[in-house]
Amino acid sequence: MTGGGEGLPVSPALFFALFAVVFPFFWLAVIALIANLGWRRVACAYPAASDPPLSARRWRFVSLNIGGSMRSPNYGSSVEAWTSESGFWLRPFLPFRPFHPTIFVPWPQVRSVERERRLVGERVRVKLAGEVPDLLFVGALGRALLDRLRNGAKDAL
């Protein structure tokens with residue numbers, strides 16, 4: 001034990017150099033873990049073969065939960081989305097993008113869209129065909145998906 005508040009015998013320059021080397025690996029490990037909790041299952045079932053068309057409507061700062069349980073990954077305001085007459089695309093913002101391939105869901109693969117009331121606010125649950133976790137959206141994109149699929153209007157988005 002050191003006496004009287006001496007602290008670590010590491011210079012600030014060495015500390016910041018070690019931090020600069022270690023932090024990126026830590027960040028990538030956390031991002032890989034989060035991706036494996038649900039995103040990759042959806043992306044394997046619905047891989048994007050191309051980027052969204054320029055005519056697609058872009059949604060920024062989308063909040064998304066994959067699975068809907070307490071342990072499910074939550075992408076709070078960190079996803080970009082696009083909607084078009086063929087389906088919708090999902091992609092995390094750049095800092096969260098490693099290990100997260102872009103998802104494309106064609107409209108015919110959407111089995112149901114349901115509004116869920118919560119203690120504070122509401123969310124929209126999108127159930128997809130196949131053995132993939134549900135997608136839960138909060139905000140404008142969720143409401144637009146709900147309206148589109150309730151009305152059956154392919155050009156509502």
Side-chain angles (χ1 to χ4, degrees), residues 10 12-116 118-149 154 157:
V10 176
L14 179 59
F15 173 79
F16 288 114
L18 287 172
F19 180 80
V21 169
V22 172
F23 182 77
F25 291 106
F26 176 74
W27 180 258
L28 290 174
V30 169
I31 296 299
L33 176 67
I34 292 169
N36 285 325
L37 291 175
W39 187 282
R40 293 183 68 98
R41 279 185 56 202
V42 177
C44 286
Y46 298 102
S50 65
D51 288 333
L54 295 176
S55 61
R57 180 171 179 191
R58 185 176 185 183
W59 304 80
R60 296 180 190 198
F61 304 105
V62 172
S63 292
L64 167 68
N65 181 285
I66 298 178
S69 71
M70 292 296 285
R71 298 181 327 151
S72 298
N74 185 30
Y75 297 86
S77 299
S78 62
V79 174
E80 294 177 287
W82 293 264
T83 54
S84 75
E85 62 280 346
S86 59
F88 64 93
W89 289 259
L90 300 171
R91 180 175 69 192
F93 290 147
L94 192 58
F96 308 102
R97 200 169 299 161
F99 310 106
H100 287 79
T102 302
I103 294 170
F104 171 66
V105 179
W107 294 123
Q109 298 302 311
V110 176
R111 293 295 171 242
S112 68
V113 179
E114 304 161 354
R115 179 178 310 205
E116 293 183 353
R118 298 178 5 181
L119 186 59
V120 178
E122 63 184 27
R123 63 186 182 183
V124 174
R125 180 179 296 266
V126 177
K127 294 183 184 228
L128 305 174
E131 296 295 319
V132 296
D134 296 346
L135 304 177
L136 293 98
F137 295 95
V138 176
L141 177 59
R143 289 188 299 273
L145 292 172
L146 186 64
D147 291 344
R148 181 204 185 280
L149 293 165
K154 300 228 182 282
L157 298 174

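Everything quoted here is computed from the prediction, not taken from an experiment.
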Any heavy-atom pair between the side chains of [Y] and [X] that's under 4.5 Å?
X: Phe104; Y: Trp89; answer: yes
X: Asp134; Y: Val126; answer: no
X: Val113; Y: Phe137; answer: no
X: Leu64; Y: Leu136; answer: no
X: Ile103; Y: Val105; answer: yes
X: Arg118; Y: Arg123; answer: yes
X: Ile66; Y: Leu37; answer: no
X: Ile34; Y: Tyr75; answer: yes

Minimum heavy-atom distance [X]-[Y], with the two atoms named:
X: Val124; Y: Gly142; answer: CG2-O, 3.4 Å
X: Pro101; Y: Ala43; answer: CG-CB, 3.8 Å
X: Pro98; Y: Ile31; answer: O-CG2, 2.9 Å
X: His100; Y: Pro92; answer: CB-CG, 3.6 Å

Problem - Approximate separation, where rounding is to 0.5 Å, of Arg148 CZ and Leu141 CG - result: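 One finds 11.5 Å between CZ of Arg148 and CG of Leu141.
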
Practice task
Check step by step if ring-ring contact (aromatic ring centres under 6.0 Å, His included) holds for Phe61 and Phe93.
Solution key: CA-CA 9 Å; Phe61 304 105; Phe93 290 147; 5.3 Å; yes

Handout entry: Any donor-acceptor N or O pair under 3.5 Å, side chains Thr83, Trp59
Key =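 Yes, Trp59 and Thr83 have a side-chain donor paired with an acceptor closer than 3.5 Å.
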
Do any N or O atoms from the side chain of [X] and from the backbone of [Y] form a donor-acceptor pair under 3.5 angstrom?
X: Ser63; Y: Val138; answer: no
X: Trp107; Y: Ser84; answer: yes
X: Thr102; Y: Ala48; answer: no
X: Arg41; Y: Glu131; answer: yes
X: Trp27; Y: Val22; answer: no
X: Arg71; Y: Gly68; answer: no

Exercise for the section: Decide whether a cation-pi geometry holds between Arg91 and Trp82; the criteria are a distance under 6.0 Å from NZ or CZ to the six-membered ring centre and an angle within 45° of the ring axis. Expected result: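 No.
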
Exercise for the section: Begin from the C-alpha positions of Glu114 and Arg125 and carry the test salt bridge (charged side-chain N to carboxylate O under 4.0 Å, His left out) through to its verdict. Expected result: CA-CA 5 Å; Glu114 304 161 354; Arg125 180 179 296 266; 5.1 Å; no

Practice task
Answer yes if the ring centres of Phe99 and Trp39 are under 6.0 angstrom apart, and no otherwise.
Solution key: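 Not close enough - the centres of the two rings lie 6.0 Å or further apart.
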
Problem - Phe26 atom CZ: more than 12 heavy-atom contacts under 6.0 Å - result: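 Open: at most 12 neighbouring heavy atoms sit under 6.0 Å from CZ of Phe26.
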
Practice task
Go through the steps to decide whether Arg60 and Glu80 satisfy the test salt bridge (charged side-chain N to carboxylate O under 4.0 Å, His left out), and finish with yes or no.
Solution key: CA-CA 5 Å; Arg60 296 180 190 198; Glu80 294 177 287; 5.4 Å; no

Exercise for the section: Start with the C-alpha distance between Leu135 and Phe88, add both sets of side-chain angles, then the distance that settles side-chain contact (heavy atoms from CB on, under 4.5 Å), and finish with yes or no. Expected result: CA-CA 12 Å; Leu135 304 177; Phe88 64 93; 4.2 Å; yes

